[in-house]
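Okay, so here's the structure we're looking at.
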Amino acid sequence: MKTSIITGGAGFIGSRLAQRLIQRGDIVYVLDDLSTGYERNVPEKAVFFKVDVSDPGRIRELDLPGKADTVYHFAGQSSGEASFDDPSGDIDRNYRATYNMLVASEQMNAKRFIYSSSMSVYGDVDRSAPMVPEDYECNPASYYGCNKFASEKFINVFAKHSHIKPTIFRFFNVYGPGQNMKNMKQGMLSIYMSYLIRDIPVTVKGSLDRFRDFIYIDDLLDAVVDCEESERTFYETFNLGTGIKTTVSRLLEALLNVFGKGDFDKWVIVEGNTPGDIKGFVADMAKLKARMEWSPVYKIEDGIKEMKKWVDETVDLWKD
Ligand SMILES: NC(=O)c1ccc[n+]([C@@H]2O[C@H](COP(=O)([O-])OP(=O)(O)OC[C@H]3O[C@@H](n4cnc5c(N)ncnc54)[C@H](O)[C@@H]3O)[C@@H](O)[C@H]2O)c1
């Protein structure tokens, strides 16, 4: 039986990971300050600590296990746009918190440290065939991207001076059941869907020919969970997307289709833009596929249908 620590385990990705690890029989500890997450997301069988992991004193007060197998550090301010509202807070939540969790991991003798970095480390990639491999130049366009990139560098230096074996994933656009449908600053697909749930036209802040690489949550978690024992992923950084390009207009068509709303011009309003936004690029997934047996299985239409089912079941939480 493994002992796993998940920071951000009340959030979208961390809570689904917690469910999975509990299902396989792990003892799971969740550390989350509920800044964007919800306690109701934390599985009942997890040990839950409401704590801000950017405060080292608060982490030291916790009754954490003396020995842990893996720390999944997924807590963080998760929006590029919001990082412009509070750059200093973003340093605490995304950079300082990473250092604190590395120290805590060492104290728990954790073997593995798995980190949720972001495609935002690349910034505005300017290429005609924008398939981005991990060694592409990192030039973040938001404070969020800066702090994710700084965290990656910090983890690599820290790992050289400790027994912790890290794996860093640069998540692309993750979507699926469990996403926070009230957070209008993070998650293009969930933001658009949240308009449709309330039966109002989608406001698109930016052009329709921008594009993204959307990855369904369960495809993402397959890679995250399987890498734990996969030695060829130790000390490495990987993109985690699908490599498939979906334009904003194509995404909107798929969403309108699933919601049974046919008239594009009636349901989509294009106005303004988003600070730190990018035209788009997709993940080159060759490195991860060479080191692990992993391939995404969900097509965007299928993922949206799964998400819509979940939204229908939980609609009372999101409508007001
Ligand atoms: N969702 C995506 O598309 C995406 C893409 C790239 C990277 N990521 C990264 O993946 C991780 C998880 O993202 P998510 O989509 O689940 O976001 P989320 O906002 O749903 O989850 C983040 C969780 O971290 C918690 N948190 C934030 N600051 C904290 C702190 N200082 N102490 C304790 N808890 C804190 C929040 O309450 C929340 O529950 C984040 O680090 C995010 O930056 C997500």
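Start at 1 with the first residue, then count along the sequence. We count ligands from 1, going down the list as the structure has it; atoms in each ligand are counted the same way.
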Salt bridge (charged side-chain N to carboxylate O under 4.0 Å, His left out) partners for Glu152, two or more places apart: Arg170
For Arg20, all residues meeting salt bridge (charged side-chain N to carboxylate O under 4.0 Å, His left out), sequence neighbours excluded: Asp222
Ring centers of Phe171, Phe74 separated by less than 6.0 Å: yes
Asn183 versus Thr36, side-chain donor and acceptor atoms under 3.5 Å: no
Check ion pair Glu229-Lys2 (N to O, under 4.0 angstrom): yes
Residue shell around ligand 1, heavy atom under 4.0 angstrom: Gly8, Ala10, Gly11, Phe12, Ile13, Asp32, Asp33, Leu34, Ser35, Thr36, Gly37, Val51, Asp52, Val53, Ser54, Phe74, Ala75, Gly76, Ser78, Arg93, Ser116, Ser117, Ser118, Tyr144, Lys148, Phe171, Phe172, Asn173, Val174, Gln186
Pairing residues for Ser207 by the side chain to side chain donor-acceptor pair (under 3.5 Å) criterion, not counting sequence neighbours: Asp209
